[in-house]
Amino acid sequence: MAVDRQAVLAWLESLHRVYAENRDFLTELDSAIGDADHGINMDRGFSAVKAAMDADAPPGLGPVFQTVANVLIRTVGGAAGPLYGTFFLRAAAACGEQPELTPAGVVALFQAGVEGVRQRGKAEPGDKTMLDALVPAAAAMRQELNGNGSLEQILQAGAAAAEAGMLSTIPMQARKGRASYLGPRSVGHQDPGATSAWLLVRAAAAAWLGKTE
Amino acid sequence: MAVDRQAVLAWLESLHRVYAENRDFLTELDSAIGDADHGINMDRGFSAVKAAMDADAPPGLGPVFQTVANVLIRTVGGAAGPLYGTFFLRAAAACGEQPELTPAGVVALFQAGVEGVRQRGKAEPGDKTMLDALVPAAAAMRQELNGNGSLEQILQAGAAAAEAGMLSTIPMQARKGRASYLGPRSVGHQDPGATSAWLLVRAAAAAWLGKTE
Amino acid sequence: MKKLINAPEDAVRDSLAGLALAHMDVLRVFLSPLYVVRLDAPVQGKAGVISGGGSGHEPMHGGYVGKGMLDAACPGQVFTSPTPDQIEAATLAVNGGAGVLHIVKNYSGDIMNFEMAAELCQAKGVEVRSVVVQDDVAVENSLYTAGRRGVGTTVLAEKICGAAAERRYDLPRLEALCRRVCENGRSMGMALAPCTVPAAGRPTFQLGEDEMEMGIGIHGEPGRERVPVMSAREVAERLSEAVLADLPFREGDRVIAMVNGMGGTPLMELYIVYHELARLLKGKGIAIARRLVGNYITSLEMAGCSITLLRADDEMISLWDDPVMTPGLRWGV
Amino acid sequence: MKKLINAPEDAVRDSLAGLALAHMDVLRVFLSPLYVVRLDAPVQGKAGVISGGGSGHEPMHGGYVGKGMLDAACPGQVFTSPTPDQIEAATLAVNGGAGVLHIVKNYSGDIMNFEMAAELCQAKGVEVRSVVVQDDVAVENSLYTAGRRGVGTTVLAEKICGAAAERRYDLPRLEALCRRVCENGRSMGMALAPCTVPAAGRPTFQLGEDEMEMGIGIHGEPGRERVPVMSAREVAERLSEAVLADLPFREGDRVIAMVNGMGGTPLMELYIVYHELARLLKGKGIAIARRLVGNYITSLEMAGCSITLLRADDEMISLWDDPVMTPGLRWGV
Ligand SMILES: Nc1ncnc2c1ncn2[C@@H]1O[C@H](COP(=O)(O)OP(=O)(O)O)[C@@H](O)[C@H]1O
Ligand SMILES: Nc1ncnc2c1ncn2[C@@H]1O[C@H](COP(=O)(O)OP(=O)(O)O)[C@@H](O)[C@H]1O
Ligand SMILES: [Mg+2]
Ligand SMILES: [Mg+2]
Ligand SMILES: [Mg+2]
Ligand SMILES: [Mg+2]
C-alpha cells in the first residue's frame with residue numbers, strides 16, 4: 001500500500017475541512033495562553049491551499065508540497081506560518097521525484113518535516129509547542145516502521161502519539177512562543193499549536209487509510 | 001410667624017443633605033434624558049454652600065443669599081449653575097435689608113427667584129424644565145397668601161404644587177435644555193431639574209415649619 | 001466603573017496637571033479658577049480666541065491651546081459646562097487689547113455661563129464676541145427647541161479662527177469668519193457602546209449586544225434612534241447622507257472632512273469609516289480638500305464615531321494649512 | 001462583538017485603504033503583497049528603516065511611515081505577524097542602495113517571518129540588518145524562554161532611527177544606534193478591559209468588575225497577574241517601579257517617557273497617569289527630557305495603559321527632535 005498524489009490531495013482537502021471545523025476551538029485555546037488567532041491563521045492558510053490546489057495542482061508529489069509550503073508561508077503569518085511552511089518545504093524535499101510514497105517514504109516525510117520545524121523554531125520537546133505533538137509522532141512512526149508495521153499501523157501510531165503529546169502540553173510551562181510570556185500561568189492549558197499538529201497527523205491517517213474525517 | 005436668618009441657614013443646611021441624599025437619584029434621572037450630572041452638580045454646589053456658610057456666614061438675609069448665589073455660580077456649572085445662581089441672586093435682591101421674612105416676604109422671594117430663572121433660561125412652563133415645578137409653586141404660594149393663608153399653608157401649597165409640576169413633566173416632550181435634543185424620546189421621563197426644584201421648595205417648607213427632612 | 005483615576009472628583013484637575021507637565025513649552029494651567037492658557041498670552045494686538053465646555057471630550061478643548069489655535073480653554077467638570085468666573089478669568093488673561101472671541105457650543109449650560117461671563121468682561125471694558133456652534137444634524141433645528149448641539153465643527157472652527165487671529169484678523173472679521181465656518185459645518189455621530197461619567201459610576205445608557213445608537217451627542221446621552229448594528233459602510237452612509245442633505249452639500253463642493261472617534265474606538269476602525277466616506281463623497285463629486293481621522297472631540301470612552309463636513313472656501317483652507325502647535329493638533333512647526 | 005468594520009477578514013485592508021486615502025501626501029499602500037511605503041521611496045543613498053507586525057496596534061506601524069521615521073511598514077492580520085513576502089517586497093521597495101534596517105518586535109512569529117524575509121533579500125543582494133526589540137519587563141528574561149516581548153520602545157526606536165537614517169547614518173551605525181535604544185528602553189503595561197480580535201469575535205480574556213491585569217502585552221493576551229483595581233497613582237507606581245528597577249534607571253538619568261493608551265482609554269486618564277509618573281520620576285531625580293502621552297502602540301480597543309522609559313543620551317534626544325511627518329507623529333514640518 002502506498003500514498004499516491006491523489007491521496008496527498010485528499011489529505012490537503014481534508015485539512016481544509018478540519019481546520020475550518022476547528023477554527024474556533026484552536027482560537028479558543030490560543031486565547032487562553034496566546035493571542036486568539038491560531039485557528040483563524042490555520043483556517044486562512046488551508047483555505048488558501050485548497051484554492052491553490054483547486055485552481056492548479058502541480059504534477060508530482062514534491063511540487064504539490066512545495067506549493068503548499070509557499071501558500072502557507074504567504075498566507076498564515078504568525079508563528080504557525082513559518083513553522084508549517086517549513087514542514088512542507090522539507091516534506092517536498094523528502095519526496096524528491098518519487099511519484100508515490102512507500103511506508104518508509106511517509107515516515108521520512110514526517111521526520112524531515114518535523115526536523116524542519118525544530119530548526120526553524122529553535123524549540124525542543126517540553127517547551128509546550130507543536131513539537132510536543134510532532135516529535136513523538138515522528139518517533140512513533142519510525143518505530144512502527146522499524147518493527148515492520150503496516151502503513152496503517154504507522155499512521156495510527158503517529159496519530160496516537162501526536163494526541164498523547166498534545167495532551168502532555170497541558171501541565172507544561174511554556175518556554176517558547178507567546179505562551180512563554182505567561183510564565184507559570186501557561187500551566188494547565190493545552191497548546192494550540194500542538195493541537196493543530198495532532199489534527200494534521202490524524203487527518204493524514206484518516207485520508208490515507210481511506211476514511212474520511 | 002416669620003422666617004429669620006437662623007431658619008434660612010437651616011434651609012441651606014438641609015439642602016446640603018437633601019442633594020447629597022438625592023445625588024444618585026437626580027443623576028439617574030439626568031442620565032435618561034440628559035448627561036448624567038445633575039445630582040453631582042447640585043451636590044457639589046450645595047456642599048460648597050455649606051462649606052461657605054460654616055466658614056463665614058455673612059450677617060443679614062440678603063448677604064446670605066448673595067453668597068449662596070456666588071457659590072452656586074462658581075461651583076455648579078452646567079445649566080443648573082446659572083439658573084439656581086440667578087434664583088438666589090434675585091432672592092437676595094428681594095430680601096433687601098429685611099432682617100426676617102414675613103409670609104409675604106417669603107412669597108416675594110420665591111416669585112423673584114422664579115422670575116430670574118425664567119429670564120436666564122428663556123424657557124416657559126411646558127418646556128419640561130425646572131420651571132414646570134417652580135412657576136406653579138410660586139403661583140400657589142401667591143394664591144395662599146392672597147387668601148390669607150398661614151406661612152404653613154403657603155409653604156405646603158408651594159411644595160405640593162412643585163411636586164405636581166414635577167410630575168407633570170413626565171409626559172412632556174422637552175423643548176429646552178439637553179433633553180430637547182432627544183425630541184420625542186424625552187417623553188415619559190421626569191425632568192431632573194424639576195425634581196431638584198421640588199426638593200428645594202419642599203426643603204424650605206420642612207425647614208421653616210420646624211420639621212427636619 | 002474601571003478608570004485610571006485617583007478619585008472621581010479629582011479627575012479633571014489631575015488630568016490638567018498632567019497636560020501642563022507634558023506640554024509646558026506650549027501652555028500653562030491655572031487652578032483657581034481653572035483654565036488652560038497659551039504660554040505667551042496675552043499676545044499684544046491679537047484678538048484672543050477662547051473656548052470651553054465640560055471635560056471628557058479630550059483633546060478638546062485644553063489640547064487645542066497653543067500657537068495657531070486657542071489662546072485659552074475653560075474646562076468644566078466632566079460633561080458640565082464651566083462657570084462664569086473661569087471664563088472671565090481666561091478672557092482677561094488672553095486679552096491683548098484687541099478683544100476676545102468666545103466659541104461656544106450650543107448647550108443651555110454653556111450658553112448661560114458664557115453669557116454671564118461675557119457680561120462680566122464687558123463690564124470690565126473687554127470686548128467679547130460670541131459665536132455659537134450648532135452643527136449636529138441629528139437634532140431638529142426648530143424655533144421651539146434649544147436648537148442643535150455643537151459638536152465636531154467646533155474643532156474646525158477653533159483651528160481656522162485660531163489661525164486667523166494669528167494673522168491679526170480684527171475681532172469683527174474673526175467673528176464673521178467663525179460664523180461662516182459654523183454655517184457651513186455639519187456633523188452627526190453614533191455609538192456602539194456608552195461611556196461612564198466618573199462621578200456617576202454607571203454607564204449613561206444601556207445598549208444590547210446587537211444595537212447601536214444613531215444621532216448621539218458628545219455627552220453620553222442617548223441618541224435619537226436605536227437601530228441594529230450595521231457595517232462600517234452603512235454607518236458611513238447613514239451619517240454622511242444626513243450631513244450632506246442638511247446644508248445641503250452639492251457636487252463641486254470642497255470640504256474639510258473629519259472622521260472623529262468617540263474615545264473608545266480604535267484608529268483602525270476610524271480609517272475604515274474614512275475609506276467609506278471618501279468613496280461616498282467621490283461618488284457625489286464632492287472633493288475632500290483636507291481631513292482629520294482620529295480622536296478629536298470625544299465622549300470619554302464611548303465607542304463610536306462622528307462625521308463632520310465643512311464646506312470650505314479658499315480662505316478657510318489656507319487658514320487650515322497655517323502652522324499650529326498644540327498638544328492635540330500640530331503641523332508646520 | 002460590535003465594531004465599525006465591514007467584515008472581519010476585510011478590516012485590515014479597508015483600514016489601510018483609508019490610511020492611504022487620508023495621507024496620500026505621505027505614503028502609499030501596496031496590496032499584493034500588503035505593505036505601506038513612504039511616497040518618495042526609495043531615497044537614494046539613505047538606509048531604509050522598516051518595521052512591521054500584526055495589525056491592531058494602530059497607529060503603529062503604518063501610521064509611522066513617512067519622512068523622518070519608517071520607510072515602510074508591513075502589516076499582518078490582526079495580532080498576526082506579516083509574512084516573508086510582504087517584508088521582502090517592502091525591503092526591496094525602500095532599498096536606496098544603502099541597505100535596510102529591520103526593527104522587529106520579539107515574538108516567535110515576527111522573528112521567524114522577518115528572518116525568512118531577510119534571507120530572501122540577502123539572496124537578492126540587499127543588505128539587511130535586524131534589531132529585535134524586547135523591552136517588556138513584565139516578562140522574565142531568561143535563556144530558557146522566548147525572551148521578552150517587544151512593546152513601547154519600538155515606537156521610540158522607529159522615531160530615533162528614522163531620524164538617523166534621514167541624517168544619512170550608514171547601516172552599521174544605524175544598527176548600533178537601534179541596539180542602543182533597545183538596550184536602554186523598558187516598558188510595562190496593564191489592562192482594565194480586554195479587546196476582541198475581529199475574526200475571533202470574543203474578548204481575549206475576561207475580567208471581573210473589580211479586577212485588572214498587570215503585565216499585559218499588546219495582543220490582548222492575559223498578563224502575569226490579576227489584581228484588584230487600583231488608583232491611577234498606584235498603577236503608575238507599580239508600572240514605573242518595575243520599569244525603573246529593571247535597567248536600572250538611576251538618579252540623574254534623562255529619559256524619553258511615553259504614557260501609552262491601549263486603545264480604549266480616554267486621553268484624560270492618560271494625562272492623569274502621566275501626572276503621577278512625572279511626580280514619581282521627579283522624586284527619584286530622573287529628568288523627563290521628552291515625552292509622549294497618547295495612543296501610540298495599542299491593542300485594539302483594550303482599556304489600559306503602558307509606561308515606557310528610554311534612558312536617552314544627547315544623540316537620541318537630538319534625533320528625537322528632528323522633523324517627522326507621519327500620520328501618527330508629526331513635528332518640525
Ligand atoms: N519557536 C517555536 N517552535 C515551535 N512551535 C512554536 C514556536 N513558537 C510558537 N510555536 C507554536 O505556534 C503556536 C501558535 O501559533 P499562532 O497562534 O498561529 O502564532 P502566534 O503565536 O504568532 O500568534 C503555539 O501554540 C506553538 O505551538
Ligand atoms: N433653559 C432652561 N431653562 C430652565 N431650566 C433649564 C433650562 N435648560 C435646562 N434646564 C434645567 O436644567 C436641568 C439640567 O441641569 P444640569 O444637568 O445640571 O445641567 P446640564 O443640562 O448642563 O447638564 C434640566 O433638567 C432642566 O430642568
Ligand atoms: Mg496566536
Ligand atoms: Mg445634566
Ligand atoms: Mg452637564
Ligand atoms: Mg498571532
- request: Hey, could you give me the CZ/CG distance between A:Phe110 and A:Leu145, rounded to the nearest 0.5 Å?
  value: 13.5 Å

- request: Check the surroundings of atom CZ in D:Arg224: do more than 12 heavy atoms from other residues, nucleotides or ligands lie under 6.0 Å from it?
  value: yes

Which atoms of D:Asp85 approach chain A - backbone, side chain, both or neither, heavy atom under 4.5 Å: side chain

message: Using heavy-atom distances under 4.5 Å, tell me whether D:Phe205 contacts chain A through its side chain, its backbone, both, or neither.
response: neither

- request: Tell me, out of D:Arg202, D:Glu9, D:Met112, D:Gln77, who's got the most heavy-atom pairs with chain A below 4.5 Å.
  value: D:Met112

- prompt: Which class fits the ring pair D:His57 and D:His219: parallel under 30°, tilted 30 to 60°, perpendicular over 60°?
  reply: perpendicular

statement: One option among A:Arg23, A:Arg175, A:His38, A:Glu28 has the most heavy-atom pairs under 4.5 Å with chain D, and it is A:Arg175

field: chain D contact via A:Ile40 - which portion, at a heavy-atom distance below 4.5 Å
entry: side chain

- line: Residues of residues 72-94 of chain A with a heavy atom under 4.5 Å from any heavy atom of chain D, in residue-number order, are A:Ile73, A:Arg74, A:Thr75, A:Val76, A:Gly77, A:Gly78, A:Ala79, A:Pro82, A:Leu83, A:Thr86

query: Taking every heavy-atom pair that is under 4.5 Å apart, which of D:Pro33, D:Gly54, D:Pro84, D:Gly76 has the most such pairs with chain A?
result: D:Pro84

message: Less than 4.5 Å to any heavy atom of chain D: does that hold for the side chain of A:Ala32, its backbone, both, or neither?
response: backbone

message: Check this for me: does any side-chain nitrogen of one of A:Arg178 and A:Asp37 sit under 4.0 Å from a carboxylate oxygen of the other?
response: no

task: Identify the heavy atoms of D:Thr196 and D:Gly201 that sit nearest to each other, and give their distance.
output: CG2-C, 3.4 Å

- prompt: Should we say atom CD of A:Gln143 is surrounded by more than 12 heavy atoms from elsewhere, each under 6.0 Å from it?
  reply: no

task: Look up atom CD in D:Gln86 and atom OG1 in D:Thr91, then write down how far apart they are to the nearest 0.5 Å.
output: 11.0 Å

- prompt: A:Asp30, A:Ile33, A:Leu182: which one forms the most heavy-atom pairs within less than 4.5 Å of chain D?
  reply: A:Leu182

D:Lys3 bridged to D:Glu301 by N-O distance under 4.0 Å: yes

- prompt: Taking atom types as modelled and ignoring hydrogens, do the side chains of A:Asp191 and A:Thr169 form a donor-acceptor contact shorter than 3.5 angstrom?
  reply: no

task: Go through the steps to decide whether D:Glu213 and A:Arg185 satisfy the test salt bridge (Lys or Arg N to Asp or Glu O under 4.0 Å), and finish with yes or no.
output: CA-CA 13 Å; D:Glu213 286 270 335; A:Arg185 282 179 82 182; 3.2 Å; yes

field: Greatest number of heavy atom pairs closer than 4.5 Å to chain D - which of A:Gly177, A:Pro184, A:Gly183, A:Ala179
entry: A:Gly177

